[in-house]
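These numbers come from the heavy atoms of this one structure, side chains and all, not from hydrogens, waters or symmetry mates.
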Amino acid sequence: MSYAKELAAAKKAVSLAARLSQEVQKTLLQSQVWTKSDRSPVTAADYGSQAVVSIVLETELRPEKLSLVAEEETGDLRKKGSEVFLEGITKLVKDTLDAEESHAGSPLSTDDVLNAIDCGKSEGGCSGCHWVLDPIDGTRGFVRGEQYAVGLALLVEGKVVLGVMACPNLPLPSAVCETDKSSQENVGCLFFATTGSGTYVQPLKGNSPPQKVQVSSNENLEEAKFLESYHLSIPIHGSITKKLGIKALPVRMDSQAKYACVSRGDAEIYLRFTLNGHRERIWDHAAGSIITTEAGGIVCDAAGKSLDFSKGKYLAHKTGIIATTKKLMPWVLKAVIESMEEENLHF
């Protein structure tokens, strides 16, 4: 299948959600950042982005029934004292949709927004079609004014077949080490991929045509660039890169933008090992994984197995996630296994 209709809907939904997030980021104050029960931050952009994507997909894909697995829930928004915050989110969503001709002018209440967010309650699974959304991936980066992403993917029978990712603060040129958007004007990327058709990138703004991207062809590990999450310092990453002989310091960056950087050759390796007890959610990797693999890369767990998105909201994988090129994968996997054995970690 070409998934042309689904891709067009996903690109429209993600582009509008990115537009909303950019408006919020311009004026975001620390007092507007909430803390969820798991201690992670959440903003009006997280909720508003999820509502926008839900509404656009439902409208564009009718009469198909929408099944959406998404990060945000409305429990806190329904509590007493959150009325002003919810009204602000509703205005954001309406203003964003009004900017798109095919969605302009529709009445939108706070209940409509709550219901749109609640569309993301699907559990996913191995049968049927499910959209997977992280409305603001990398909220910490978003709050700092740095890297974040809006990531949307489509699962069909448990397999990722389509991915769209907006990276509003990522430079259009390959410049992975320059993560401070204040020094750049040429920023804002929209990546997309469908199974068997490759990965493409185009500017978020304007009408420039998409350009096909490929992972790096570099085979020299000493010159390889390595990406890791901004807010986590994981000792095994240092052990792995030392074994590989990588000379450059790691580039730390929030969100699935790291997958995007690997897909277009900005960096050769992205490692994500986490603290004990952490369970990876599918929305943190679904869009990024297909964008990397369709660009010629490999995404797998520490045992070299493909990631399994068919088990519900949580990713079925063995300790750690690796994204790299096919040429470098044997060396990276060898270093990972040796480092895990030395640190007495188990798959």
Measuring from atom [atom1] of [X] to atom [atom2] of [Y], what distance do you get when rounded to the nearest 0.5 angstrom?
X	Y	atom1	atom2	value
E342	I337	CD	CD1	12.5 Å
F192	I291	CZ	CD1	9.5 Å
I269	H237	CD1	NE2	11.0 Å

Is the shortest side-chain heavy-atom distance between L152 and W131 below 4.5 Å?
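Yes - at least one pair of side-chain heavy atoms lies under 4.5 Å apart.
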Answer yes or no: are there more than 12 heavy-atom neighbours, outside K243 itself, under 6.0 Å from its atom NZ?
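Yes, the 6.0 Å shell around NZ holds more than 12 heavy atoms from other groups.
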Answer yes or no: are there more than 12 heavy-atom neighbours, outside K91 itself, under 6.0 Å from its atom NZ?
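Not buried by this count: 12 neighbours or fewer within 6.0 Å.
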So, the side chain of D137 versus the backbone of G151: is there a donor-acceptor pair under 3.5 Å, distance only?
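Here the side-chain-to-backbone pair does not exist.
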Do E157 side-chain atoms and G128 backbone N/O form a donor-acceptor pair below 3.5 Å?
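Indeed, once roles are kept as given, a pair shorter than 3.5 Å links the two residues.
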Enumerate the residue pairs fulfilling side-chain hydrogen bond (donor to acceptor under 3.5 Å, both in side chains) with a member in residues 289-308, sequence neighbours excluded, ordered by first and then second residue.
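Listed by first then second residue: D308-S310.
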Output every pair passing side-chain hydrogen bond (donor to acceptor under 3.5 Å, both in side chains) with a member in residues 204-217, not counting sequence neighbours, ordered by first then second residue.
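Checked against side-chain hydrogen bond (donor to acceptor under 3.5 Å, both in side chains) - neighbours excluded - the pairs reaching residues 204-217 are S216-E268.
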Give every residue pair that meets the salt bridge (charged side-chain N to carboxylate O under 4.0 Å, His left out) criterion with at least one member in residues 80-89, sequence neighbours excluded.
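Found none.
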Contact list for residues 321-332, test salt bridge (charged side-chain N to carboxylate O under 4.0 Å, His left out), sequence neighbours left out
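Every pair satisfying salt bridge (charged side-chain N to carboxylate O under 4.0 Å, His left out) with a residue in residues 321-332: E219-K327.
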Quick one: does NZ or CZ of R144 land under 6.0 Å from the six-membered ring centre of Y230, within 45 degrees of the ring axis?
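Yes, cation above the ring, under 6.0 Å and within 45°.
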Quick one: list whatever passes side-chain contact (heavy atoms from CB on, under 4.5 Å) with S54, sequence neighbours left out.
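Result, side-chain contact (heavy atoms from CB on, under 4.5 Å) vs S54: L66, L68, A116, C119.
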Residues in salt bridge (Lys or Arg N to Asp or Glu O under 4.0 Å) with E73, at least two apart?
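If we apply the salt bridge (Lys or Arg N to Asp or Glu O under 4.0 Å) test to E73, skipping adjacent residues, there are no hits.
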